[in-house]
Chemist: 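First, the structure itself, so that you have it in front of you.
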Amino acid sequence: MRVATYASHSALQILKGAKDEGFETIAFGKARAKPLYTHYFPVADYFIEGTYPEEELLELDAVVIPTGSFVAHLGIELVEKMCVPYYGNKEVLKWESDRNLERKWLEKAKLRLPRVYDDPDDIDGPVIVKPHGAKGGKGYFLAKNSTDFWEKAKRLGIRDKEDLRGIQIQEYVVGVPVYPHYFYSKLNGELELMSVDRRYESNADAIGRIPAKEQLDLEMGTNYTVIGNIPLVLRESLLMDVIEAGEKVVETAEKLMGGLWGPFCLEGVYTEELEFVVFEISARIVAGTNPFVHGSPYSWLRYDFPVSTGRRIAMELREALEEDKLRDVLT
Ligand code: AMP
Ligand code: AMP
């Protein structure tokens, strides 16, 4: 068995972790990425050109570790149909890709979520408006009341309530972004807090460098295009909140979709009232784990050797292989 993933996102970490656990590794993707994985950072034993070279992967006895890039490039329908063994539960894909199903999952888990306004005329505080399927906050806008909403919505071609189907209006929660990364081991039934990051986003993190008066003159909107990730260590008294949120998500997934296992991440903000408000779940490895190739403060507290999320995945695969339980963790 060899460990394979799409050459982008968190592939360096995944393949490094797999090598550390003694697996041979495969990266596949764009030709331009090859030197990154074979020369500058030699973590891939094989590099195959292509978005998803199924035949070669089957021949090499590969297991694919899904990432945000893999799923985005291949598309959910093809991921659901792929023949190469996939680490994780494919059932989860449709739950997290549909904003309404995702919300149902997180509501059932009793997490604190931003309020959603079905009727823009009910808006009674700041909101963030998200077109469905928008990436990196492209096309998001903020509005302070319903008049402001209708004015800005016009730019997206939204003129009346009939046009609202393509967007979601969420309460804008003022707080600092916190993205805890978890790993749930299906083999030993335990949840681990792997690490925490916050994102470094353009232009959201650039606006503060411009004086307020000039921001107004420039009529700037906010975008959230991810440029990198910044490691974070949480105030210790918040750790149980974050861990309980992860436990509840896993428990609910068991009932709704036959389980969530492997890495996942809750994306939210912490308010000044110390409330963790979650606006999204990523049910696979997130690139926010990349600062922790050599482990994080949290993985160090649990293990006596450096454990990244990528390595933790490989440890699980190794254990499954040894105990003849691969079929339990692959779909
Ligand atoms: P890429 O392969 O870099 O084009 O990324 C594919 C998807 O993963 C996009 O939706 C990105 O927003 C997301 N992504 C990539 N890198 C990161 C990162 N470092 N932090 C958060 N999201 C990321
Ligand atoms: P998303 O693409 O949904 O991950 O959102 C991109 C960014 O928008 C996040 O990183 C947050 O900074 C911000 N954001 C999203 N939803 C909310 C919300 N309900 N309240 C405040 N900020 C939000």
Side-chain angles (χ1 to χ4, degrees), residues 5-14 27-30 32-33 36-37 51-52 65-76 79 96-99 102-103 106 111-117 123 125-144 167-181 195-208 221-232 263-272 275-293 309-310:
T5 197
Y6 182 81
S8 187
H9 192 272
S10 46
L12 289 168
Q13 182 207 151
I14 292 171
F28 54 91
K30 296 199 175 101
R32 182 167 179 245
L36 193 63
Y37 299 88
T51 307
Y52 169 59
I65 313 298
T67 66
S69 290
F70 176 66
V71 176
H73 283 95
L74 199 57
I76 289 182
V79 173
E96 56 149 18
S97 62
D98 176 319
R99 270 198 220 282
E102 181 186 34
R103 192 165 174 93
L106 300 177
L111 302 190
R112 161 81 165 93
L113 309 177
R115 178 175 166 194
V116 167
Y117 294 88
I123 295 173
V127 293
I128 180 165
V129 183
K130 303 179 173 186
H132 288 307
K135 294 245 166 68
K138 281 241 153 57
Y140 285 19
F141 66 88
L142 306 180
K144 57 178 186 253
I167 59 163
Q168 191 178 65
I169 307 169
Q170 286 183 4
E171 162 196 10
Y172 185 87
V173 185
V174 179
V176 290
V178 170
Y179 293 70
H181 319 132
S195 44
V196 187
D197 84 300
R198 56 159 296 191
R199 290 183 183 168
Y200 198 43
E201 293 158 325
S202 204
N203 64 9
D205 290 303
I207 288 176
T222 325
N223 287 298
Y224 303 92
T225 303
V226 178
I227 303 300
N229 308 81
I230 303 170
L232 193 67
F264 68 98
C265 170
L266 293 176
E267 309 180 351
V269 293
Y270 248 104
T271 68
E272 60 186 345
E275 221 183 354
F276 184 40
V277 184
V278 174
F279 41 71
E280 211 160 298
I281 178 166
S282 279
R284 65 183 71 78
I285 187 168
V286 291
T289 56
N290 288 339
F292 309 104
V293 173
T309 292

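Atoms within a ligand are numbered from 1 in the order they appear, just like the ligands themselves.
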Chemist: Under 4.0 Å from a heavy atom of Glu201: which atoms of ligand 2 are those, numbered in the order shown and with their elements?
Modeler: 10 (O)
Chemist: Under a 4.0 angstrom heavy-atom cut-off, which atoms of ligand 2 come close to Pro114?
Modeler: 19 (N)
Chemist: Any atoms of ligand 2 less than 4.0 Å from a non-hydrogen atom of Glu171? List them with their elements.
Modeler: 18 (C), 19 (N), 20 (N)
Chemist: I need the atoms of ligand 1 closer than 4.0 Å to a non-hydrogen atom of Arg199, numbered in the order shown.
Modeler: 21 (C)
Chemist: Would you sort out whether Ser195 and His181 count as a side chain to side chain donor-acceptor pair (under 3.5 Å), showing the intermediate values?
Modeler: CA-CA 5 Å; Ser195 44; His181 319 132; 2.7 Å; yes
Chemist: Taking atom CD1 of Ile128 and atom CZ of Phe279, what is their separation to the nearest 0.5 Å?
Modeler: 7.5 Å
Chemist: For Glu96, check salt bridge (charged side-chain N to carboxylate O under 4.0 Å, His left out) against everything at least two apart and list the hits.
Modeler: Arg284
Chemist: Which atoms of ligand 2 sit under 4.0 Å from any heavy atom of Lys130?
Modeler: 3 (O), 15 (C), 16 (N)
Chemist: Is there a side-chain contact between Asp197 and Pro231, using heavy atoms and a 4.5 Å cut-off?
Modeler: no
Chemist: Near Glu280, which atoms of ligand 2 are under 4.0 Å from a heavy atom of that residue?
Modeler: 1 (P), 3 (O), 4 (O)
Chemist: Have a look at Ala11, Gly228, Gly288, Ala287 and point out the one with the heavy atom closest to atom 17 (C) of ligand 1.
Modeler: Ala287
Chemist: Non-hydrogen atoms of Ile128 versus ligand 2: any pair closer than 4.0 Å?
Modeler: yes
Chemist: Give the ring-plane orientation class for Phe70 versus Phe28, where under 30° counts as parallel, over 60° as perpendicular and anything between as tilted.
Modeler: perpendicular
Chemist: Report the member of Thr271, Val173, Leu113 with the shortest heavy-atom distance to atom 21 (C) of ligand 2.
Modeler: Val173
Chemist: Which of the atoms in ligand 1, numbered in the order shown and given with their element, are less than 4.0 Å from a heavy-atom of His9?
Modeler: 8 (O), 14 (N), 15 (C)
Chemist: Any side-chain heavy atom of Thr5 sitting closer than 4.5 Å to one from Thr67?
Modeler: yes
Chemist: Using the side-chain contact (heavy atoms from CB on, under 4.5 Å) rule, take Val178 and Arg198 through it: C-alpha gap first, then chi angles, then the decisive distance, then the call.
Modeler: CA-CA 5 Å; Val178 170; Arg198 56 159 296 191; over 6 Å; no
Chemist: Going from OH on Tyr224 to CG on Asn203, what distance comes out if it is rounded to the nearest 0.5 angstrom?
Modeler: 8.5 Å
Chemist: Out of Tyr172, Tyr140, Tyr179, Tyr224, whose heavy atom is nearest to atom 10 (O) of ligand 2?
Modeler: Tyr179
Chemist: Which atoms of ligand 1 sit under 4.0 Å from any heavy atom of Ser8?
Modeler: 1 (P), 2 (O), 3 (O)
Chemist: Could you say whether the N/O atoms of Asn290 and ligand 1 ever approach to under 3.5 Å?
Modeler: no
Chemist: Any salt bridge between Glu102 and Lys130, counting N to O under 4.0 Å?
Modeler: no
Chemist: For His73, is at least one N or O under 3.5 Å away from an N or O on ligand 1?
Modeler: no
